[in-house]
Amino acid sequence: SDFMDIFLPSKLDFAISSATGLDAIPIIFKVPIIEVSVAPLILIRPYTSKIKILFKTYYSKTLCRKLSLEEIFNFELQGLQGNDLNDEIEFIHPSSEEITSAALEFHDQLTNNLKITEEEKILQNKFKVKYKMLVENSSEDRNLNNFTASIGKLFLKNNSYLVD
């Protein structure tokens, strides 16, 4: 029912969503959420520490490799959605291992058992600084002064090329 569509997400410890539709309900109730396979990249929601992001990676068929954040913005692909894909770019979804890892991170965070290494802190910060700079230098009108969301630790480790 419509009532249950609102009630159930308000009672979760955390939610896992693909950043569409009803995932706004947990956010309204300040329920942490893992956003999986977010695209376009420009639409990640960085404004709360209650969001953990695992976005789609951009694979270039011509270059035969994944694109860095800088390349995505330089080629003006940051707004690319699934229905806009052409023969050049393919989206790669986060792995089940990366999604599971992000869920375990949130569980540890909620139980105050989250341990973050210095290397992980540096990688998170590099991503945030790079993303913010690229958005500010593009024609996108977004306020990223409060980038407190995080990228899944394993996802970011597996895709560290993003910030090179």
Side-chain angles (χ1 to χ4, degrees), residues 9 12-27 29-61 63-75 77-82 85 89-135 140 142 144-164:
L12 300 171
D13 288 332
F14 67 89
I16 301 174
S17 177
S18 60
T20 58
L22 285 177
D23 69 349
I25 304 303
I27 292 171
F29 289 100
K30 299 186 183 340
V31 171
I33 187 166
I34 301 169
E35 294 186 336
V36 179
S37 294
V38 177
L41 181 62
I42 195 64
L43 293 184
I44 66 173
R45 296 187 269 198
Y47 50 79
T48 176
S49 61
K50 293 186 180 281
I51 293 178
K52 187 167 299 295
I53 305 162
L54 306 174
F55 49 87
K56 295 178 184 180
T57 53
Y58 293 59
Y59 182 84
S60 167
K61 295 175 186 175
L63 299 173
C64 297
R65 63 175 174 78
K66 295 176 182 178
L67 300 177
S68 69
L69 281 177
E70 196 160 340
E71 290 171 320
I72 292 166
F73 278 84
N74 287 343
F75 298 145
L77 301 172
Q78 68 270 20
L80 192 65
Q81 298 184 45
L85 291 177
I89 300 298
E90 178 182 336
F91 280 151
I92 300 174
H93 299 275
S95 69
S96 58
E97 181 182 35
E98 291 166 337
I99 297 167
T100 301
S101 175
L104 292 172
E105 276 178 58
F106 249 146
H107 177 267
D108 288 347
Q109 185 175 335
L110 293 170
T111 58
N112 295 318
N113 290 322
L114 182 62
K115 294 174 179 46
I116 302 172
T117 67
E118 193 60 34
E119 177 186 350
E120 291 166 341
K121 287 179 190 175
I122 290 169
L123 203 50
Q124 287 283 337
N125 191 53
K126 280 177 74 173
F127 179 88
K128 291 175 183 183
V129 167
K130 173 82 72 169
Y131 183 81
K132 183 178 178 182
M133 181 214 40
L134 290 167
V135 169
E140 305 296 335
R142 300 215 42 218
L144 296 174
N145 291 332
N146 189 28
F147 195 144
T148 56
S150 63
I151 311 302
K153 292 188 317 184
L154 181 61
F155 178 83
L156 195 51
K157 181 180 177 183
N158 288 348
N159 297 287
S160 62
Y161 67 88
L162 286 164
V163 295
D164 291 337

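Interatomic distance, K56 NZ to K66 NZ, rounded to the nearest 0.5 Å: 14.0 Å. Atom-to-atom distance recorded for N125:CG and I122:CD1 is 8.5 Å, nearest 0.5 angstrom. In this structure, I53 CD1 and I44 CD1 are separated by 4.0 Å, a value rounded to the nearest 0.5 Å. Rounded to the nearest 0.5 Å, atoms CG (L104) and CD (Q109) are 12.5 Å apart. A distance of 4.0 Å separates OG1 in T57 from CD1 in I92, rounded to the nearest 0.5 Å.
Scanning for side chain to side chain contact (heavy atoms under 4.5 Å, CB included) contacts around K30 gives K50, with sequence neighbours left out. For N112, there are no side chain to side chain contact (heavy atoms under 4.5 Å, CB included) partners, not counting sequence neighbours. Evaluation of the salt bridge (charged side-chain N to carboxylate O under 4.0 Å, His left out) rule for E71 yields R65 as partners, not counting sequence neighbours. Residues satisfying the side-chain hydrogen bond (donor to acceptor under 3.5 Å, both in side chains) test with K132, not counting sequence neighbours, are N145. Considering only residues two or more places apart in sequence or on other chains, K128 meets the side chain to side chain contact (heavy atoms under 4.5 Å, CB included) condition with Q124, F147. For E70, the side-chain hydrogen bond (donor to acceptor under 3.5 Å, both in side chains) partners two or more places apart in sequence, or in a different chain, are K130. With sequence neighbours excluded, no residue forms a side-chain hydrogen bond (donor to acceptor under 3.5 Å, both in side chains) with H107. T117 pairs by the side-chain hydrogen bond (donor to acceptor under 3.5 Å, both in side chains) definition with E120, not counting sequence neighbours. Checked against side chain to side chain contact (heavy atoms under 4.5 Å, CB included), L43 has the following partners two or more places apart in sequence or in another chain: P40.
Listed by first and then second residue, the ring-ring contact (aromatic ring centres under 6.0 Å, His included) pairs that reach into residues 110-130 are F55-F127, F127-Y131, sequence neighbours excluded. Applying the salt bridge (Lys or Arg N to Asp or Glu O under 4.0 Å) test to every pair with at least one member in residues 33-45, sequence neighbours left out, gives these pairs: D23-R45, E35-R45.
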Review item, side-chain donor-acceptor pairs of residues 148-158, under 3.5 Å, at least two apart:
{"from": "T148", "atom 1": "OG1", "to": "T48", "atom 2": "N", "distance (Å)": "3.3"}
{"from": "T148", "atom 1": "OG1", "to": "S49", "atom 2": "N", "distance (Å)": "3.1"}
{"from": "S150", "atom 1": "OG", "to": "K52", "atom 2": "NZ", "distance (Å)": "2.9"}
{"from": "K153", "atom 1": "NZ", "to": "K115", "atom 2": "O", "distance (Å)": "2.9"}
{"from": "N158", "atom 1": "ND2", "to": "E98", "atom 2": "OE2", "distance (Å)": "2.9"}

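Closest of all the heavy-atom pairs between A15 and V31 is N-CG1, 4.3 Å. Across I89 and S60, no two heavy atoms sit closer than the pair CD1-CA, 4.2 Å. The shortest heavy-atom contact between Y58 and L77 is CE2-O, 3.3 Å.
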>> Working note: I34 + I99, criterion side chain to side chain contact (heavy atoms under 4.5 Å, CB included); need CA distance, chi angles, decisive distance, verdict.
In response: CA-CA 8 Å; I34 301 169; I99 297 167; 5.7 Å; no
>> Pair L12, I33 - check side chain to side chain contact (heavy atoms under 4.5 Å, CB included), show working.
In response: CA-CA 10 Å; L12 300 171; I33 187 166; over 6 Å; no
> Given the rule in the side chain to side chain contact (heavy atoms under 4.5 Å, CB included) test, do V163 and V129 qualify, once you have shown the distances and angles that lead to the verdict?
Replying inline: CA-CA 9 Å; V163 295; V129 167; over 6 Å; no
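You'll find the side chain of S160 reaches within 4.5 Å of the side chain of L123, heavy atoms only. At least one side-chain heavy atom of F73 sits less than 4.5 Å from a side-chain heavy atom of L41. Residues S68 and D164 form no side-chain contact, since every pair of their non-hydrogen atoms from C-beta on lies 4.5 Å or further apart.
Not one N or O on the side chain of S101 forms a donor-acceptor pair closer than 3.5 Å with the backbone of E97.
More than 12 heavy atoms of other residues, nucleotides or ligands lie within 6.0 Å of CG in N113, so this atom counts as buried by the packing criterion.
Ring-centre distance between F91 and Y59: not below the 6.0 Å cut-off.
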